[in-house]
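Working notes, structure below.
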Amino acid sequence: MENFISDDWLAIATLAIQAGILKFAYSLYKNFIQKEANRDCAIRGLLRVEIINICHNAEKEGFLPIWALENLTDMYNTYKALGGNGAITGLYNKTIQLPQCKED
């Protein structure tokens, strides 16, 4: 056993260093993924607030201007792509049914 260690000390040291590098790389990757998840969650939350705001304003006014419809649709699609739940879907579907100009 003593000869194995003395003969292959370089290989053993190399393996130990590689294991340390892999552990370090994995921790960096894990931190990156966590930051991405936090960023997505924050963006999804901001989109949710703005979608609700547009929908409530349109419902109050009784119509949804075309520019607001375009913004709402883009935000809703992004919200869903980021994993947004279905609670906003009903509000979105109800709002896009509103007329696009103010009725006299």
Side-chain angles (χ1 to χ4, degrees):
M1 183 61 120
E2 188 176 312
N3 282 343
F4 172 75
I5 293 174
S6 63
D7 292 341
D8 293 323
W9 68 270
L10 185 58
I12 293 169
T14 302
L15 286 172
I17 291 170
Q18 288 174 345
I21 290 172
L22 287 175
K23 183 178 179 182
F24 178 72
Y26 176 72
S27 70
L28 286 178
Y29 173 74
K30 196 166 109 178
N31 288 339
F32 174 76
I33 294 299
Q34 183 64 39
K35 286 179 183 178
E36 287 293 308
N38 289 343
R39 181 188 63 103
D40 288 352
C41 186
I43 291 170
R44 189 175 59 237
L46 291 171
L47 287 168
R48 180 182 173 90
V49 167
E50 191 58 29
I51 289 168
I52 291 170
N53 187 38
I54 289 174
C55 290
H56 284 300
N57 284 342
E59 186 177 354
K60 185 174 72 175
E61 295 293 324
F63 70 101
L64 181 66
I66 188 69
W67 60 267
L69 174 61
E70 291 171 355
N71 288 342
L72 181 62
T73 300
D74 287 344
M75 285 188 282
Y76 175 76
N77 290 335
T78 304
Y79 173 79
K80 292 299 279 185
L82 289 172
N85 61 23
I88 293 295
T89 300
L91 185 59
Y92 169 77
N93 288 333
K94 181 179 172 186
T95 303
I96 63 172
Q97 299 302 317
L98 292 171
Q100 293 180 357
C101 61
K102 194 171 192 174
E103 293 181 6
D104 294 326

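Counting only heavy atoms from C-beta outward, the side chains of N85 and Y79 approach each other to under 4.5 Å. You'll find the side chain of L91 stays beyond 4.5 Å of the side chain of R48, heavy atoms only.
Atom CZ in R44 sits 11.0 Å away from atom NZ in K80 (nearest 0.5 Å). Within the model, atoms CZ of F63 and OG1 of T95 stand 13.0 Å from one another, a figure rounded to the nearest 0.5 Å. The CG atom of L28 sits 12.0 Å away from the CD1 atom of I33 when rounded to the nearest 0.5 Å. Note that CD of E36 and SG of C41 are 13.0 Å apart. Values are rounded to the nearest 0.5 Å. From T14, atom OG1 reaches atom CG of L10 across 4.5 Å, with rounding to the nearest 0.5 Å.
In this structure, I43 is a member of the same hydrophobic cluster as I51, with clusters built from ILVMFWY side-chain heavy atoms closer than 4.5 Å. A single hydrophobic cluster is seen to contain both I54 and I66, as judged by linkage of ILVMFWY side chains at heavy-atom distances under 4.5 Å, directly or through other members. Grouping the Ile, Leu, Val, Met, Phe, Trp and Tyr side chains by contacts below 4.5 angstrom, directly or via other members, places L22 apart from F24.
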Item checked: Pair L69-L98, side-chain contact (heavy atoms from CB on, under 4.5 Å): steps then yes or no -> CA-CA 10 Å; L69 174 61; L98 292 171; over 6 Å; no
Note to self: What verdict does the side-chain hydrogen bond (donor to acceptor under 3.5 Å, both in side chains) test give for Q34 and N38, after you've listed the backbone C-alpha separation in whole Å, the side-chain angles of each residue and the deciding distance to 0.1 Å?
What the structure shows: CA-CA 6 Å; Q34 183 64 39; N38 289 343; 3.2 Å; yes
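Checked against ring pair (Phe, Tyr, Trp, His ring centres under 6.0 Å), Y92 has the following partners two or more places apart in sequence or in another chain: Y76.
Every pair tested for salt bridge (charged side-chain N to carboxylate O under 4.0 Å, His left out) that includes a residue from residues 12-24 fails, sequence neighbours excluded, so the list is empty. Pairs passing the salt bridge (charged side-chain N to carboxylate O under 4.0 Å, His left out) check and including a residue from residues 86-101, sequence neighbours excluded, read E59-K94.
Of the possible donor and acceptor atoms, one in the side chain of N77 sits under 3.5 Å from a partner among the backbone N and O of T73.
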